[in-house]
**Q** 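Below you'll find the structure I mean.
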Amino acid sequence: MNLGNFFNQLIRAFASIFAAPGNASSEIAEATTLSLPGNTPEESSTSEEIFPTHSDSETIYSNIIEENKIMINTSMLQEILQNFVSSTPDVQGAALVTPDGLALTSVLPGDMDDERTAAMSASMLSLGERIGRELARGKVERIVVEGEKGYGILVGCGVDAVLLVLANSAAKQGLLFLEIKRAASRIAPIIG
């Protein structure tokens with residue numbers, strides 16, 4: 001039995017069950033007949049068109065798997081950032097952004113905008129790399145902005161992401177840099 005015939009029989013069965021007493025359930029069933037390919041013998045050859053072929057289904061399944069990996073990766077990244085911010089003393093927030101300035105995930109104070117922070121991080125990265133090149137300092141490992149209220153530290157997490165960490169002025173730099181390095185090493189394989 002093909003799918004079109006199955007659905008038509010199913011609809012007829014429901015129509016006969018829910019038909020009011022005295023009404024001709026067969027008329028209801030006939031009125032609800034679907035026009036799906038494969039309902040008649042001459043259309044049965046086209047029923048393959050509604051079902052994907054083996055290679056099409058592999059493509060569909062791989063797309064679904066990739067979408068789920070992205071969702072899993074995003075939730076894993078969010079969890080890593082949340083744990084980093086909550087367990088590291090004097091860290092006020094963190095954001096993972098692309099070098100183009102798009103926010104991947106963030107745990108920022110409420111008054112900070114994710115998109116704006118991501119864009120500024122990309123600008124910091126671009127400027128820092130340019131300064132490193134111009135001063136012949138080699139590959140930039142971290143960019144630190146120190147202000148009276150604390151630090152903004154930018155480190156690479158592979159080629160596709162940059163970690164921005166915001167810390168208050170009481171943070172001990174050595175310990176902070178060590179914790180940032182550990183967080184970046186946990187993030188890099190997930191993005192990889």
Side-chain angles (χ1 to χ4, degrees), residues 52 54-192:
H54 181 67
S55 64
D56 291 340
S57 63
E58 282 181 0
T59 303
I60 291 168
Y61 294 137
S62 66
N63 288 343
I64 291 170
I65 289 169
E66 284 301 313
E67 288 174 10
N68 286 334
K69 280 183 185 176
I70 291 169
M71 287 190 299
I72 290 168
N73 288 350
T74 304
S75 66
M76 290 171 66
L77 293 171
Q78 181 72 27
E79 185 178 329
I80 290 170
L81 280 186
Q82 185 68 45
N83 289 338
F84 170 71
V85 170
S86 63
S87 66
T88 309
D90 302 313
V91 170
Q92 299 168 319
L96 194 62
V97 302
T98 66
D100 298 333
L102 300 173
L104 296 173
T105 186
S106 66
V107 179
L108 294 171
D111 60 340
M112 297 188 82
D113 180 33
D114 291 352
E115 292 176 5
R116 187 173 180 180
T117 303
M120 285 188 285
S121 299
S123 296
M124 283 173 54
L125 177 67
S126 176
L127 185 59
E129 287 177 342
R130 185 172 177 189
I131 291 169
R133 245 188 341 268
E134 292 294 324
L135 297 177
R137 297 297 95 188
K139 183 182 175 206
V140 175
E141 289 187 29
R142 83 176 66 92
I143 299 168
V144 180
V145 175
E146 183 177 354
E148 63 185 39
K149 293 184 180 180
Y151 304 96
I153 303 158
L154 205 61
V155 296
C157 292
V159 295
D160 295 328
V162 179
L163 176 64
L164 171 69
V165 176
L166 303 174
N168 65 32
S169 58
K172 293 179 176 57
Q173 287 187 12
L175 179 61
L176 183 60
F177 292 158
L178 178 64
E179 290 300 325
I180 291 171
K181 190 174 185 177
R182 286 180 182 164
S185 68
R186 285 190 295 263
I187 291 168
I190 296 171
I191 294 172

**Q** Can you list the steps and then say if I131 with V140 is a side-chain contact (heavy atoms from CB on, under 4.5 Å)?
**A** CA-CA 9 Å; I131 291 169; V140 175; over 6 Å; no
**Q** Mark yes or no for whether S126, through its side chain, and S123, through its backbone, hold a donor-acceptor pair below 3.5 Å.
**A**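 No.
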**Q** Are V165 and Y151 side-chain neighbours, meaning at least one heavy-atom pair lies under 4.5 Å?
**A** no
**Q** Donor-acceptor pair, T117 side chain versus D113 backbone, under 3.5 Å?
**A** yes
**Q** Check whether any side-chain heavy atom of M120 sits under 4.5 Å from a side-chain heavy atom of M124, and report yes or no.
**A** no
**Q** Roughly how far apart are N83 CG and R186 CZ, rounded to 0.5 Å?
**A** 8.0 Å
**Q** Is any side-chain heavy atom of I190 less than 4.5 Å from a side-chain heavy atom of L77?
**A** yes
**Q** Could you walk me through whether V97 and L164 satisfy the side-chain contact (heavy atoms from CB on, under 4.5 Å) test, starting with their C-alpha distance in whole Å, then the side-chain angles of each, then the deciding distance to 0.1 Å, before giving a yes or no?
**A** CA-CA 8 Å; V97 302; L164 171 69; 5.7 Å; no
**Q** Between P99 and A161, what is the shortest heavy-atom contact and its length?
**A**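 Between these two residues, the closest heavy atoms are CD-N, 4.1 Å.
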**Q** Taking all atoms of both residues into account, what is the closest heavy-atom pair of L163 and C157, and its distance?
**A** CB-SG, 3.7 Å
**Q** For A170, does its backbone N or O pair with a side-chain atom of N168 as donor and acceptor, under 3.5 Å?
**A** yes
**Q** Looking only at heavy atoms, what is the nearest atom pair of A167 and Q92, with distance?
**A** C-OE1, 3.7 Å
**Q** Around E115, counting heavy atoms of other residues, nucleotides and ligands shown, do more than 12 lie under 6.0 Å from its CD?
**A**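 Not buried by this count: 12 neighbours or fewer within 6.0 Å.
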**Q** With rounding to the nearest 0.5 angstrom, report the CG to CD1 distance, L175 to I180.
**A**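 Here the rounded value is 9.5 Å.
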**Q** Quick one: pull up CG in L96 and CG in D114 and give me the separation to the nearest 0.5 Å.
**A** 11.5 Å
**Q** Taking C-beta and beyond as the side chain, do I153 and F177 meet within less than 4.5 Å on heavy atoms?
**A** yes
**Q** Any non-hydrogen side-chain atom of V144 less than 4.5 Å from a side-chain atom of Q173?
**A**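 No; the side chains remain at least 4.5 Å from each other.
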**Q** Which distance, rounded to the nearest 0.5 Å, do you find between the CG of L104 and the OG1 of T74?
**A**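 Here the interatomic distance stands at 7.5 Å.
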**Q** Roughly how far, to the nearest 0.5 Å, is the OG1 atom of T105 from the CD1 atom of I80?
**A** 10.0 Å
**Q** Where is the tightest heavy-atom contact between Q78 and S106, given as atom of each residue plus distance?
**A** NE2-O, 3.4 Å
**Q** About how many Å separate CZ of R116 and OG of S121, when rounded to the nearest 0.5 Å?
**A** 12.0 Å
**Q** At their closest point, which heavy atom of A188 faces which heavy atom of G158, and how far apart are they?
**A**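 Looking at all heavy atoms of both residues, the shortest contact is CB-N, 4.4 Å.
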**Q** Search all heavy atoms of D90 against all heavy atoms of A171 and return the closest pair with its distance.
**A**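 D90 and A171 have their closest heavy atoms at OD2-CA, 3.5 Å.
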